[in-house]
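The structure appears right after this line, and notes come after that.
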Amino acid sequence: MLRIGITGGIGSGKTTICKVFEIFGIPVFYADIAAKSVMQNDPLLVSAVKDLFGDEAYFESGELNRSYLAAKVFGDEKELKKLNSIVHPAVFRAFDLWSEQQKNVPYVLKEAALLYESNSYQDCSYTILVKSPLELKLKRVMQRDNVSGEEIRKRMARQWTDEEKEKLADIVLNNNETYFLLPEIIKLHQRFLEESTK
Ligand code: ATP
């Protein structure tokens, strides 16, 4: 089955675009949601987290101690890298399992903010990069999350730039609100439908 990766910077509109594909009946795997779930439910990951960060990373009830873990990795590049190096493979496993469960669909989408940074793009038949101008992304996220521009810029600094991502992207969608995106999405859907029959 075709696996299409879709990514883009914070507020670029990747989730909004995925919702359109969902309307067409295409299942979407949201990697950021899956990452939260595997932290709780993947036994291999849970034991790796405990090994690396201590048993205190989970409460006795088995629930993840988010504030403990956040304090461990916050502002510490090395520790964050360690955490990512165990979380990303767990998300890959979850995606594989999820993909196998999708029956009678021509293709699936994987939405991931760090599609390229995590190397998970290598597992995709094609990747789509959603691009938007910085000012528009800031405006959208400030409205959506009620956070400051400074906070969003901090989050953005943890991701690759669009220029870096574009080198690896097969398809670029410009979500700059100056032209209609829907016809572009329909064209892509048709292209993937054709590809899926080959
Ligand atoms: P994040 O990585 O932060 O989750 P994202 O790339 O998934 O962001 P969305 O959540 O899809 O971005 O979009 C951010 C906000 O911008 C949302 O409130 C969405 O409704 C709005 N938005 C996205 N694209 C458009 C558009 N073309 N026109 C108007 N609003 C838009």
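Just so you know, ligand 1 is whichever comes first in the structure, and atom 1 is the first atom listed for that ligand.
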Inset, instruction - Can you pull out the closest protein heavy atom to atom 17 (C) of ligand 1? Residue, atom name and distance to 0.1 Å, please. - result: Arg144 CD, 4.1 Å
Inset, instruction - Would you verify whether the NZ or CZ of Lys165 falls within 45 degrees of the ring axis of Tyr116 while also being under 6.0 Å from that six-membered ring's centre? - result: no
Inset, instruction - Please determine if Glu135 and Lys139 form a salt bridge, counting it only when a charged side-chain N lies under 4.0 Å from a carboxylate O. - result: no
Legend entry - side-chain hydrogen bond (donor to acceptor under 3.5 Å, both in side chains) between Tyr107 and Glu195, intermediate numbers included: CA-CA 9 Å; Tyr107 65 94; Glu195 290 269 346; over 6 Å; no
Inset, instruction - Rounded to the nearest 0.5 Å, what's the gap from CZ on Arg3 to OG1 on Thr127? Could you check? - result: 14.5 Å
Legend entry - Numbering as shown, the atoms of ligand 1 that approach Thr15 to under 4.0 Å (heavy-atom distance): 7 (O), 11 (O)
Legend entry - N/O separation below 3.5 Å, Val141 to ligand 1: no
Legend entry - Side-chain (Ser12) to main-chain (Lys131) donor-acceptor, under 3.5 angstrom: no
Legend entry - Which atom of Asp162 lies closest to which atom of Leu129, heavy atoms considered: O-CD2, 3.9 Å
Legend entry - Numbering as shown, the atoms of ligand 1 that approach Asn175 to under 4.0 Å (heavy-atom distance): 23 (C), 24 (N), 25 (C), 26 (C), 27 (N)
Inset, instruction - For atom 5 (P) of ligand 1, find the nearest protein heavy atom and state the residue, atom name and distance (0.1 Å precision). - result: Lys14 NZ, 3.5 Å
Inset, instruction - Could you state whether Met1 and Phe21 fall into the same hydrophobic cluster, counting links through intermediate Ile, Leu, Val, Met, Phe, Trp or Tyr residues with side-chain heavy atoms under 4.5 angstrom apart? - result: no
Legend entry - Enumerated ligand 1 atoms positioned under 4.0 Å from heavy atoms of Thr16: 9 (P), 11 (O), 13 (O), 19 (C), 23 (C)
Legend entry - ligand 1 contacted by Gly11 (non-hydrogen, < 4.0 Å): yes
Legend entry - Over 12 foreign heavy atoms within 6.0 Å of CD, Glu77: no
Legend entry - Sub-4.0 Å heavy-atom approach of Ser12 to ligand 1: yes
Legend entry - Nearest neighbour in protein (non-hydrogen) for atom 16 (O) of ligand 1: Arg140 CD, 3.0 Å
Legend entry - atom 29 (C) of ligand 1: the protein heavy-atom neighbour that sits closest, reported with distance to 0.1 Å: Glu177 OE2, 3.4 Å
Inset, instruction - Provide, to 0.1 Å, the distance between atom 12 (O) of ligand 1 and the closest protein heavy atom, together with that atom's residue and name. - result: Gly13 N, 3.2 Å
Legend entry - Numbered atoms and elements of ligand 1 in range of Gly9, under 4.0 angstrom, heavy atoms: 6 (O)
